[in-house]
Amino acid sequence: MEKSKKTLKMIGICIIGLVIVVAVNMLKKPEDPFKSSNNKLGYEHVEKEELLNNPKEDGDSYYVYFYKVGNQDCEEVKDDIKTYARSHSALYFVNMDEQSKDYKKFDWNKLHEENDVEIGKVKSNGKIEYYEGESKEKYTKSKEKDEYGKTKRYEVKKANKEYLKSNKKARKGYVYDSLETPNIDYYTLTSEDEVTIAGVPTLLHVKDNKVDKFYFDSKEIKTIMKKLNK
């Protein structure tokens, strides 16, 4: 009987210890995968003031990658970015967890309210009834370009509580083509201007002190990284 009590006590202690370890790991902040370092194998970060005028490149072209630690979309391209960084020195990093105050936020609400179009309604069974001439494929397979030459990426969304937060003009229970490509003019950007970042991940390519290419979200960045890592 005494042995049983001791055994139960030990099991209880082990369970409590296990719970504590799990809780600590859950609360522990993820490690920065691109932590700045002074050694040759480290990742170099860049301040906003030197975004377009990086003295280490002396006029050469380079990439700037904006990310957040633990962000799901950033995790999707993390390995691709690391692969490129291993064989290319002209890649710099901006941790938006630490430097978001240096950059202007993109107005997603304005984008959706000015561009999203009502294309159908949600039926009582939850299925979408598209208006005449409308369909999911019309938008998800669109090749339409925006004013900066970017292919517009759309998602078809039902106007639920979450979507209504980003589009005050939408009607609950209806369906919208939601534009997911931010219309930001990076091409005319100068070192004196505010830099707008729509979110992470974002990748800018700088040449001759100007942004000549930019990529937003994990889908675009993964595509360009696959080409660069060949």
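Worth knowing before you read on, the calculation uses all heavy atoms, side chains too, and leaves out hydrogens, waters and symmetry mates. What you see is a predicted model, and the numbers here were worked out from it, not measured in a lab.
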Student: Quick check on the hydrophobic clustering: are Val206 and Ile224 connected, directly or via other members, by side-chain heavy-atom contacts under 4.5 Å?
Tutor: no
Student: Would you say that more than 12 heavy atoms from the other residues, nucleotides or ligands in this model lie under 6.0 Å from the CD of Glu137, or not?
Tutor: yes
Student: Going by distance alone, is a donor N or O of one side chain under 3.5 Å from an acceptor N or O of the other, for Asn183 and Asp146?
Tutor: no
Student: If every non-hydrogen atom of Lys138 is compared with every non-hydrogen atom of Ser135, which pair is closest and at what distance?
Tutor: N-OG, 3.2 Å
Student: Whether Lys150 engages the ring of Phe214 as a cation-pi pair (distance to the six-membered ring centre under 6.0 angstrom, angle to the ring normal within 45°) should be assessed.
Tutor: yes
Student: Taking the side chain as every heavy atom from C-beta outward, state whether Tyr43 and Lys35 have any atom pair closer than 4.5 Å.
Tutor: no
Student: Under 4.5 Å between side-chain heavy atoms, hopping through other hydrophobics if needed: is there a path connecting Leu111 to Val175?
Tutor: yes
Student: Quick check: does any side chain N or O of Thr202 sit under 3.5 Å from a backbone N or O of Gly199, one acting as donor and the other as acceptor?
Tutor: yes
Student: Is the distance from the ring center of Tyr186 to that of Tyr148 below 6.0 Å?
Tutor: no
Student: Please indicate whether Lys110 has more than 12 foreign heavy atoms, meaning atoms of other residues, nucleotides or ligands, lying under 6.0 Å from its NZ.
Tutor: no
Student: Evaluate the side chain to side chain donor-acceptor pair (under 3.5 Å) criterion for residues Tyr139 and Glu155: first the C-alpha distance (whole Å), next the side-chain angles of each, then the deciding distance (0.1 Å), finally the verdict.
Tutor: CA-CA 7 Å; Tyr139 297 96; Glu155 290 182 7; over 6 Å; no
Student: Verify the cluster assignment for Tyr215 and Val195: are they in a single hydrophobic cluster under the rule of side-chain heavy atoms below 4.5 Å apart?
Tutor: no
Student: For the residue pair Asp32 and Tyr67, establish whether any side-chain heavy-atom pair is separated by less than 4.5 Å.
Tutor: yes
Student: Heavy-atom count around Lys226 NZ within 6.0 Å, excluding the residue itself: above 12?
Tutor: no
Student: So which heavy atom on His112 is nearest to which on Asn167, and how close?
Tutor: O-ND2, 3.8 Å
Student: With clusters defined by side-chain heavy atoms of hydrophobic residues (ILVMFWY) lying less than 4.5 Å apart, directly or transitively, does Val200 cluster with Val64?
Tutor: yes
Student: Checking Thr83 against Asp80 for the side chain to side chain donor-acceptor pair (under 3.5 Å) test, could you report, in this order, the C-alpha distance in whole Å, the side-chain angles of both residues, the deciding distance, and whether it holds?
Tutor: CA-CA 5 Å; Thr83 297; Asp80 301 282; over 6 Å; no
Student: To the closest 0.5 Å, what do you measure between OG (Ser218) and CG (Asn71)?
Tutor: 8.5 Å
Student: Is there side-chain contact between Arg153 and Asp217, with heavy atoms separated by less than 4.5 Å?
Tutor: yes
Student: Quick one: pull up CG in Leu204 and NZ in Lys207 and give me the separation to the nearest 0.5 Å.
Tutor: 16.0 Å
Student: Could you tell me whether Phe93 and Phe66 have their ring centroids closer than 6.0 angstrom?
Tutor: no
Student: Would Lys121 and Lys158 satisfy side-chain contact (heavy atoms from CB on, under 4.5 Å), going step by step from the backbone distance to the final call?
Tutor: CA-CA 8 Å; Lys121 60 183 179 181; Lys158 297 176 181 178; over 6 Å; no
Student: So, for Ala198 and Ile184, which heavy atoms are closest and what is the spacing to 0.1 Å?
Tutor: CB-CD1, 4.0 Å
Student: Quick check against the 3.5 Å criterion: does Glu50 have a side-chain atom that pairs as donor or acceptor with the backbone of Val46?
Tutor: no
Student: Are any of the side-chain heavy atoms of Lys136 and Lys141 separated by less than 4.5 Å?
Tutor: no
Student: Does the distance from a Lys or Arg side-chain N to an Asp or Glu carboxylate O, for Lys168 and Glu113, drop under 4.0 Å?
Tutor: no
Student: So does Lys210 have more than 12 non-hydrogen atoms from other groups sitting under 6.0 Å from NZ?
Tutor: yes
Student: Rounded to the nearest 0.5 Å, what's the gap from OG on Ser36 to CD on Glu44? Could you check?
Tutor: 7.5 Å
Student: Rounded to the nearest 0.5 Å, what separation is found between the NE2 atom of His88 and the CZ atom of Arg86?
Tutor: 12.0 Å
Student: Would you say NZ of Lys222 has more than 12 non-hydrogen atoms from neighbouring residues, nucleotides or ligands within 6.0 angstrom?
Tutor: yes
Student: As an exercise, state the distance from CG of Leu164 to NZ of Lys169, rounded to the nearest 0.5 Å.
Tutor: 14.0 Å
Student: Please say whether more than 12 non-hydrogen atoms of neighbouring residues, nucleotides or ligands are located less than 6.0 Å from NZ in Lys152.
Tutor: yes
Student: Would you sort out whether Tyr103 and Glu194 count as a side chain to side chain donor-acceptor pair (under 3.5 Å), showing the intermediate values?
Tutor: CA-CA 7 Å; Tyr103 296 87; Glu194 281 189 300; over 6 Å; no
Student: Does any non-hydrogen side-chain atom of Met96 lie less than 4.5 Å from one of Ile197?
Tutor: yes
Student: Measure up the Phe106 and Trp108 rings against each other and bin them: parallel (under 30°), tilted (30 to 60°), perpendicular (over 60°).
Tutor: perpendicular
Student: Find out whether Phe34 and Lys78 are in side-chain contact, i.e. whether some heavy atom of one side chain is under 4.5 Å from a heavy atom of the other.
Tutor: yes
Student: In Å, rounded to the nearest 0.5 Å, how long is the span from CD1 of Ile81 to CD1 of Ile221?
Tutor: 6.0 Å
Student: I want to check something: taking the side chain as every heavy atom from C-beta on, are Tyr176 and Ile119 in contact at a cut-off of under 4.5 Å?
Tutor: no
Student: Between Tyr92 and Tyr62, is any pair of side-chain heavy atoms under 4.5 Å apart?
Tutor: yes
Student: Count I, L, V, M, F, W, Y as connected when their side-chain heavy atoms are under 4.5 Å apart, and connections chain through other members. Are Leu228 and Val77 then in the same cluster?
Tutor: yes
Student: Which heavy atom in Asp185 sits nearest to a heavy atom in Thr188, and how many Å separate them?
Tutor: OD2-OG1, 2.7 Å
Student: Please give me the minimum heavy-atom distance between Lys68 and Cys74, naming the atom from each residue.
Tutor: N-SG, 3.6 Å
Student: Is Asp58 atom CG crowded by more than 12 heavy atoms from other residues, nucleotides or ligands, each under 6.0 Å away?
Tutor: no
Student: Where is the tightest heavy-atom contact between Pro30 and Val69, given as atom of each residue plus distance?
Tutor: O-CG1, 3.3 Å
